[in-house]
K.L.:
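Let me give you the structure first, and then I'll get to my questions.
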Amino acid sequence: MRIAFANVAGGRLVDDNNRYVDADQTHVFGTALAELQPDVLLVTELDCDSDQLERLAAAAMPGRAVHPPLSERFSNSHIPGVDRIGVGIASSYPITDLGRIDLPDPPFEMLHWRTGEPLDWHAKGFVVARLDLGEQGTVDIAAGQVCPVHMARSVDGVEYTYSEEPARSYGKEMTAHLARELEARGVRRLIVAGDLNMQNPRDFFTEQLGLVDGFSDPLPATTPDGRSIDRIFTSPSLAVGDVEVVRLAGADHYPVGCQVTARPSQERAIGMIREQDLARPKSGGPSRSGGARRGPTGRGPR
């Protein structure tokens, strides 16, 4: 199956000063997602008080029979014109709701990275679902968003990062919580995807959860400033290939698409050497292996 995932910021784009513009551009995100031709759509920072998920699914999967989508609100919004944001899953395969997972907030104080103003952490989490792929069995998906600790700093003016304390310890505790919640739901073949907000997600999703990174090195940029924080991890029994990033002009996160297949039972997971590393496209063709596609008015990372 082909999966597309994107942080759509409530359908808002940013201006040249990196500030959100209060105008609903859901149709622009829908057009970009349609380029990825998904069977399954995962959306973070979804405007849960509107029909945004239905509109995105209709645009991304035109003419397809989409099963009733799942969505959950997680927090108040920092985006103009959007009251609450959350996570949604839309699928062309039959889908069963396995419930939401609320992640714990960081235990340290949040001061705005630029102004130093004390703020409250926005609640984050995952929506978990089981997809029925017919003869290929079932696959479980956890779609969601991890707390962006890099948006805050300490009283000493040091930006938090999951690579260093205290955020590193929080990341390990958060991942352990996620593991317990997934185990309680009886997940089997698992896909975790979304806005993971980490520069080092392998330290947590591979080392703690035993999942395989769907991206190969060098990592594709999923934001205009060159970070690779919108990610996908899978159980070792699954393989990710044909990774594609759409560089959508004005988006603060780029939509990502990939193909997920069952790994032959006799084939062991091969760590960071991924299926797409073994079948690089010929030069001159579309970049589909950890690469990026520009939208109609696309621009490179800022």
Side-chain angles (χ1 to χ4, degrees), residues 4-36 41-48 50 52-53 55-56 59-60 74-88 110 112-115 119 121-125 143-153 159-162 193-199 201 215 219-232 243-257 290-302:
F5 54 99
N7 176 332
V8 301
R12 272 54 178 176
L13 301 175
V14 297
D15 60 22
D16 291 338
N17 295 317
N18 207 35
R19 297 184 182 276
Y20 292 112
V21 178
D22 187 6
D24 187 357
Q25 300 291 333
T26 297
H27 65 285
V28 175
F29 286 94
T31 299
L33 288 164
E35 293 186 39
L36 300 171
L41 176 63
L42 315 177
V43 181
T44 54
E45 294 197 1
L46 174 74
D47 181 356
C48 292
S50 73
Q52 185 174 63
L53 183 56
R55 286 186 287 152
L56 288 170
F74 281 96
S75 72
N76 293 328
S77 173
H78 60 288
I79 301 164
V82 180
D83 290 331
R84 292 179 291 181
I85 54 176
V87 177
M110 179 186 186
H112 191 276
W113 67 275
R114 185 177 63 246
T115 66
L119 300 172
W121 295 105
H122 281 189
K124 302 299 180 185
Q145 188 176 27
V146 170
C147 184
V149 298
H150 60 276
M151 297 300 294
R153 63 176 176 83
E159 181 181 296
Y160 295 121
T161 169
Y162 283 105
D195 179 8
L196 301 187
N197 273 315
M198 297 172 163
Q199 288 287 65
F215 285 5
L219 299 171
T222 67
T223 64
D225 59 6
R227 292 173 296 150
S228 186
I229 59 177
D230 302 272
R231 302 287 285 271
I232 180 168
V243 175
E244 186 174 1
V245 179
V246 179
R247 289 185 175 178
L248 177 61
D252 63 351
H253 289 255
Y254 296 144
V256 180
R293 173 186 293 177
R294 290 180 181 269
T297 56
R299 61 186 175 195
R302 293 183 295 184

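We're numbering straight along the sequence, starting at 1. Treat the numbers as computed from the prediction; the structure is a model and nothing was measured.
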K.L.:
Considering only heavy atoms from C-beta outward, does the side chain of Val146 approach that of Tyr162 to under 4.5 Å?
P.N.:
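SC-SC contact between Val146 and Tyr162 confirmed.
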
K.L.:
OG of Ser75 to CD of Gln145: how many Å apart, nearest 0.5 Å?
P.N.:
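Rounded to the nearest 0.5 Å, the OG-CD separation comes out at 7.5 Å.
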
K.L.:
Can you find a pair of side-chain heavy atoms, one from Arg84 and one from Cys48, that are under 4.5 Å apart?
P.N.:
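No - every pair of side-chain heavy atoms lies 4.5 Å or more apart.
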
K.L.:
Under 3.5 Å, is there a donor on one side chain and an acceptor on the other for Tyr20 and Asp252?
P.N.:
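Per modelled atom types, Tyr20 and Asp252 side chains form a pair under 3.5 Å.
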
K.L.:
Look at the side chain of Thr222 and the backbone N and O of Ile229, then say whether any donor-acceptor pair between them is shorter than 3.5 Å.
P.N.:
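Yes; judged by distance alone, with no hydrogens or angles, the pair exists.
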
K.L.:
Do any N or O atoms from the side chain of Arg19 and from the backbone of Asn17 form a donor-acceptor pair under 3.5 angstrom?
P.N.:
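Not confirmed, Arg19 side chain does not pair with Asn17 backbone.
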
K.L.:
Identify, with sequence neighbours excluded, every residue that meets side-chain contact (heavy atoms from CB on, under 4.5 Å) alongside Ala60.
P.N.:
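For Ala60, the residues satisfying side-chain contact (heavy atoms from CB on, under 4.5 Å) (neighbours in sequence not counted) are Leu33, Pro38, Leu41.
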
K.L.:
Taking side-chain hydrogen bond (donor to acceptor under 3.5 Å, both in side chains) as the definition, give me every residue that meets it alongside Thr26, ordered by chain and number, with sequence neighbours left out.
P.N.:
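By the side-chain hydrogen bond (donor to acceptor under 3.5 Å, both in side chains) rule, Thr26 matches Asp24, Gln52.
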
K.L.:
Counting C-beta onward and ignoring hydrogens, is there a side-chain heavy-atom pair between Leu56 and Val43 closer than 4.5 Å?
P.N.:
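Contact flag for Leu56/Val43 side chains = yes.
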
K.L.:
Do Phe215 and Ile232 have side-chain heavy atoms sitting under 4.5 Å apart?
P.N.:
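In short, these two side chains touch, coming nearer than 4.5 Å.
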
K.L.:
With sequence neighbours left out, write down each residue that passes side-chain contact (heavy atoms from CB on, under 4.5 Å) with Ser77, or none if nothing qualifies.
P.N.:
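Ser77 satisfies side-chain contact (heavy atoms from CB on, under 4.5 Å) with Ile79, Val82, Ile85 once adjacent residues are dropped.
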
K.L.:
Starting at CD of Gln199, measure out to CG of Leu196 and round the result to the nearest 0.5 Å.
P.N.:
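Nearest 0.5 Å value for the CD-CG distance: 11.5 Å.
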
K.L.:
First locate atom CG of Asn7, then atom CD of Glu45, and finally report the distance between them rounded to the nearest 0.5 Å.
P.N.:
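These two atoms lie 3.5 Å from each other.
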
K.L.:
Is the shortest side-chain heavy-atom distance between Leu248 and Pro255 below 4.5 Å?
P.N.:
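Side chain of Leu248 against side chain of Pro255, heavy atoms only: contact under 4.5 Å found.
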
K.L.:
Using the six-membered ring wherever Trp is involved, compare the ring planes of His78 and His122 and label them parallel, tilted or perpendicular (cut-offs 30° and 60°).
P.N.:
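If you compare the ring of His78 with that of His122, the planes turn out tilted.
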
K.L.:
State which residues pass side-chain hydrogen bond (donor to acceptor under 3.5 Å, both in side chains) with His150; sequence neighbours excluded, sorted by chain then number.
P.N.:
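With neighbours one apart ignored, the set is Arg227.
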
K.L.:
Asp83: what forms a salt bridge (charged side-chain N to carboxylate O under 4.0 Å, His left out) with it, not counting sequence neighbours?
P.N.:
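Salt bridge (charged side-chain N to carboxylate O under 4.0 Å, His left out) list for Asp83, sorted by chain: empty.
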
K.L.:
Kindly write out the residues that satisfy salt bridge (charged side-chain N to carboxylate O under 4.0 Å, His left out) with Arg153, not counting sequence neighbours, or none if the list is empty.
P.N.:
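Once residues adjacent in sequence are excluded, Arg153 has no partner under the salt bridge (charged side-chain N to carboxylate O under 4.0 Å, His left out) criterion.
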
